Structures are given as C-alpha cells and as structure tokens.
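First the structure, in the form of structure tokens, and then the observations on it.
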Amino acid sequence: MSFQKIPFLSLIFLIVLLAVGSVVEHYSCTAAAREWVYVAPWTLGLWAVAVSTGVWQVWKRRRQLHCSGVLLHVAFVVMLSGALLTHAFSIEGRLELHTTAEAVDGFIHCDDEGRARVVHFPFAVKLDSCAVLLHPNSARPKDYQAHLRVIANDHSYIYKVQMNQPLRRAGWRFYLMNLQGQRASFSVVHDPWGIAVTYLGYAFFLLAMLAVLCKREGRFRILFSQLRKVATKKPPQVPEVALLVLLCVAVVSVLAYRGICGGYFPASNGHETLLWLAVVVMASALAVARRISGSVRMGWLLGGIVFGVAWMFVPKESPQSLLPVLDSPLLALHVLLVVVGYACILLASLTSAQALFRKKKADHEETNSLVDRILLLLYLSLFFLGAGILLGAVWANLSWGTYWSWDPKETWALITWMLYALPLHAHSVSLFQRPRFLYAYCLVAFLAVLMTYFGVNYLLGGMHSYA
C-alpha cells in the first residue's frame, strides 16, 4: 500500500466511526457515544494518523501546491488542535440558581470518568431575577432573561443574561439554558485555549477557500473559465425558461408568505430549508442555461421535485414566531450557506447519474466536460457547506457554550463534507481519475446527504431534528 493513501484510508475509517457513533448516541446515550467512539483512544489515534501523514504529504508536495492549498490543510490542523485543547483543558458544568438562594462561587464538576470535584470561580454569582418574555398577544416565549449579580473584590455587578447572550467574566461563560419559576439553569464553560485556536483555524479555512476559488491559475478558475467558453448547441426555449421562472417565483412567494406571517426569516424548519433548496437549484439552472444543454429542463424538473417533497413536510401549525434559541441573525446566513452547499452536491450527483446511465457513450471531450462540471460543483459545495458548518459552530458556541457537541446533524454534515472532499484529491487517489468511478462515487455519496437531511430527523433525532 502506498504511503500517500494512508491519510485517505484513515479518513474513510473515521467516517465509518462517526456514522457508528451517531447510531450509538441514539440507541444508548451521548456519554456512551463520546466514550466509545467520538473521543475514544482509537478515534483520536485515527485523527492523529490522518493529520500526521497528511502533513507529511503536503510537505512533500509543497512545491506543487499553491500557498492557498497549504493554508487550507494548515487550517484543518489548527482546528483539530483547538478541539484537542478544548477536550484536554476545558471545564463544563451545570449551575442551578434560585432567586432566594445565597451567592455561590463554584459548582460540582464530573469528568469523563465520573469523578466529581468542586470547581471554584474567582468571584461569586447570585440570581437576582428571571423571567420569560412573551411575544405580543401570544403565549409563545420570545426570550428567556435572567439578571445575575457578580460579586468580586467587595464590589457587586449586575449582568443581563439571555439566549444567545451569555455572561462572560474572567474567562468563565454562563449560558442561560432553562427557566422554571424563580429557578434558572445555566451552562458554565471555561475554555482558556481551545476556542481561540479553533476560531483561528476557522479563519484560515475561509481565507484559504476564498484563495482557492479566486486564484487565477488555480484549478477552480481553470474549470470555471472552461465552462464559460462552452455554449450549448440547443439554446433553451422561451416557454421552458418562463416555466422555470414562474416556478421559482412561486416558491419565493411561499417563503415570503411564511416570513411575513411569522415575522422571521423563513429558514427555521425542514419545509422552509427545502423550499430554499428548490430556489437555489432553479436559480442555478437559469444562470447556466446558455452554457449547459438541458439545464433549464433539469432545473424545473429537479426544482419541482424538491418543491413537491417540501410540501410533504409542511408544519401542521401556521407560521409562528421563532424559538428563542433560533432568534439570531446567524440563522439566515447559516441555513443559506448550507443549502447552497447541498444544492451544489445535488447538481453534481445528478450530473453523475446522467453520465453514468446514459445510453450513448460519451467521447473524450464530452467526458472531460462532465468531469470538469462535477469537480467545479464540488469545489463550490465544499466552500459553502464548510462555511455553513463553521458558522453553525460559532452560533452554537454563542448559544450553548460549545462549538461542537456531536449532535447527529452536525456529525452527518461533517461526514458529507469529508466524503465529497475526497474526489478533489485525484492526484493521490488514482481511482478518482477514472470518470465512471467518479460518477458512481458521487452518486453513492449522496446517500450521506439524504441521511443528513431526512434520516437524522426521523431516525436519530437530536438538537437539529426540527430542521
């Protein structure tokens, strides 16, 4: 076995382990999944093998790689290093406070092995008041609010804590999780190193991906320029374009109706995200109508199918105000980034299916055009899906105090990203240089998208089961 294949074999084993972990979490518990899969010695060992051998491969190919490619791989190392620091040095726990109770300066923390110890803050905290804020003329909660009194050095300070607005003090963060009468439950987190390092990795990733997409002599720009030179021999008919535009306008109208009725950006459940997926697919088909033959027909057919599937998941109740945890400006950006990523994967998989099952064998030029189109879509999908995942991690850190909790939706989104990153490494994995293998792989890998979008909701559950 060639040494250069070890990083990719390690990733494949990791993908299998992560998938198994999501099932273990559902049928057992989160603690068992973490102990036996997510942070188990064999899983950490596989990550170490993948990183070390991957770094060695990047170093060997440093003269062939552009600095953006090197920075992209460095970003993954930095992110994983931040996750390791969080795992090793962070302290997390729950703190229950009552308005009639005295100030406290610590809580009982249980480690992964179940050993309990008292952890002290460099100050004391007391719950002064707490309340559930309701929407006007409604019994639905708009926000949860608590006033915490911090006592330090004989001085007293009062802070307002809300959903998506934690208290930060001396490296400690307090997240409001639940209210019950005059009792409030807080998640307490102290992560002195991991978050900063992880966020640095996020920044490296975004900068590297932008550089990969914008580099004039880079692979993506070459693929894009080749697509721009192509002109379809059969331009789309006006009725076909009109039908696609009308269908796209109809879907946008439904989204606008839900947004106006609920008073929020319509991206809060599976029905609305599927509608956005239909819009992105149809808009993409219109954008390349003059370049790719049959794209308009594909757009209204595929968009119509997604639109129809979305109506299978219409919520029983009419559009209502958002849950407090979803009432964030990050919701729209997070959902749209992920949806665009999935739309690119959907189009790449459909292109693969057309190429794989076509009756007439494609010539060399046509085969290269299909492969280039698939790779172009994969580059875009990895950027948008990756950016959406990282933004979701930042949002989770603002809301719950942890940027990665191994929720099944998070886990399967990561699995999907890893699966579709592999074909872009054809220089190391020669199988992806074979067009038919690439087609078949992209088509089979789409099962991970279906699992992320539908399987998690109906089989595994989790914090994202509403989406």
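These figures come from a predicted structure and were not determined experimentally.
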Within 6.0 Å of CZ in F123, more than 12 heavy atoms from elsewhere: yes
Those residues that, when tested against W300, pass ring pair (Phe, Tyr, Trp, His ring centres under 6.0 Å) (two or more places apart): none
H190 side chain to R173 backbone, donor-acceptor under 3.5 Å: no
Under 3.5 Å side-chain donor-acceptor pair for Y159 and R169: yes
Y38 ring center within less than 6.0 Å of W404 ring center: no
Any donor-acceptor pair under 3.5 Å from E410 side chain to D407 backbone: yes
Donor-acceptor contact below 3.5 Å, side chain Y202 vs main chain V394: no
Short side-chain to backbone donor-acceptor contact, Y441 and L419, under 3.5 Å: yes
Heavy-atom closest pair, residues L206 and A387: CD2-CB, 3.9 Å
Test log, rule side chain to side chain contact (heavy atoms under 4.5 Å, CB included), inputs E92 and S90: CA-CA 7 Å; E92 300 179 18; S90 69; 4.2 Å; yes
I222 backbone acceptor or donor facing S225 side chain under 3.5 Å: yes
Chi angles and distances behind the side chain to side chain contact (heavy atoms under 4.5 Å, CB included) call for F220, L380: CA-CA 9 Å; F220 175 80; L380 291 172; 3.7 Å; yes
Audit row: K160, D128, salt bridge (Lys or Arg N to Asp or Glu O under 4.0 Å) steps and yes/no: CA-CA 10 Å; K160 182 171 68 174; D128 275 7; over 6 Å; no
Residue pair T416 / T452, side-chain donor-acceptor N/O under 3.5 Å: yes
Test item: Y420 side-chain N/O and C442 main-chain N/O as donor-acceptor pair under 3.5 Å: yes
Expected output: side-chain S28 to main-chain E25 donor-acceptor under 3.5 Å: no
Matching residue for Y342 among W417, F446, Y453, F384 - test: ring-ring contact (aromatic ring centres under 6.0 Å, His included): Y453
Worked check of side chain to side chain contact (heavy atoms under 4.5 Å, CB included) between H334 and W395: CA-CA 9 Å; H334 168 62; W395 185 13; 4.1 Å; yes
Verdict with reasoning, L72 to F204, per side chain to side chain contact (heavy atoms under 4.5 Å, CB included): CA-CA 7 Å; L72 184 61; F204 284 170; over 6 Å; no
From S352 atom OG to I345 atom CD1, the distance as rounded to the nearest 0.5 Å: 11.5 Å
For M298 against L347, the heavy-atom pair lying closest together: SD-CD2, 4.4 Å
Partners meeting ring pair (Phe, Tyr, Trp, His ring centres under 6.0 Å) with F454 (sequence neighbours left out): F313
Partner residues of W412 under the ring pair (Phe, Tyr, Trp, His ring centres under 6.0 Å) criterion, sequence neighbours left out: none
Worked check of ring pair (Phe, Tyr, Trp, His ring centres under 6.0 Å) between H425 and F8: CA-CA 9 Å; H425 294 80; F8 305 99; 5.3 Å; yes
From SG (C344) to CG (L385), nearest 0.5 Å: 10.0 Å
Sequence-distant partners of F383, ring pair (Phe, Tyr, Trp, His ring centres under 6.0 Å), two or more places apart: none
Side chain to side chain donor-acceptor pair (under 3.5 Å): pairs with one or both residues in residues 67-86, sequence neighbours excluded: H66-S68, T86-D191, T86-Y403
A103 to I151 - nearest heavy-atom pair and separation: CB-CD1, 4.0 Å
Side chain W400, main chain Y175, donor-acceptor under 3.5 Å: no
Expected output: side-chain H271 to main-chain A310 donor-acceptor under 3.5 Å: yes
Donor-acceptor contact below 3.5 Å, side chain E272 vs main chain S268: yes
L134 atom CG: more than 12 heavy-atom contacts under 6.0 Å: yes
For R221, all residues meeting salt bridge (charged side-chain N to carboxylate O under 4.0 Å, His left out), sequence neighbours excluded: none
Working for side-chain hydrogen bond (donor to acceptor under 3.5 Å, both in side chains), residues S399 and N164: CA-CA 4 Å; S399 300; N164 300 314; 2.2 Å; yes
Residues, nucleotides or ligands: over 12 heavy atoms within 6.0 Å of E96 CD: yes
No-hydrogen, no-angle side-chain donor-acceptor test under 3.5 Å, S185 and R94: yes
Pairwise side-chain contact, L370 with D372, heavy-atom cut-off 4.5 Å (strictly under): no
Residues T351 and R373: side-chain donor-acceptor under 3.5 angstrom: no
Spacing of L246 atom CG and M282 atom CE [to the nearest 0.5 Å]: 10.5 Å
Distance-only polar pair, side chains of Y199 and N397, donor-acceptor under 3.5 Å: yes
Which atom of A267 lies closest to which atom of T273, heavy atoms considered: O-CG2, 4.3 Å
Short N-O contact, D105 and K126, less than 4.0 angstrom: no
CH2 on W406 to OG1 on T411, rounded to 0.5 Å: 5.5 Å
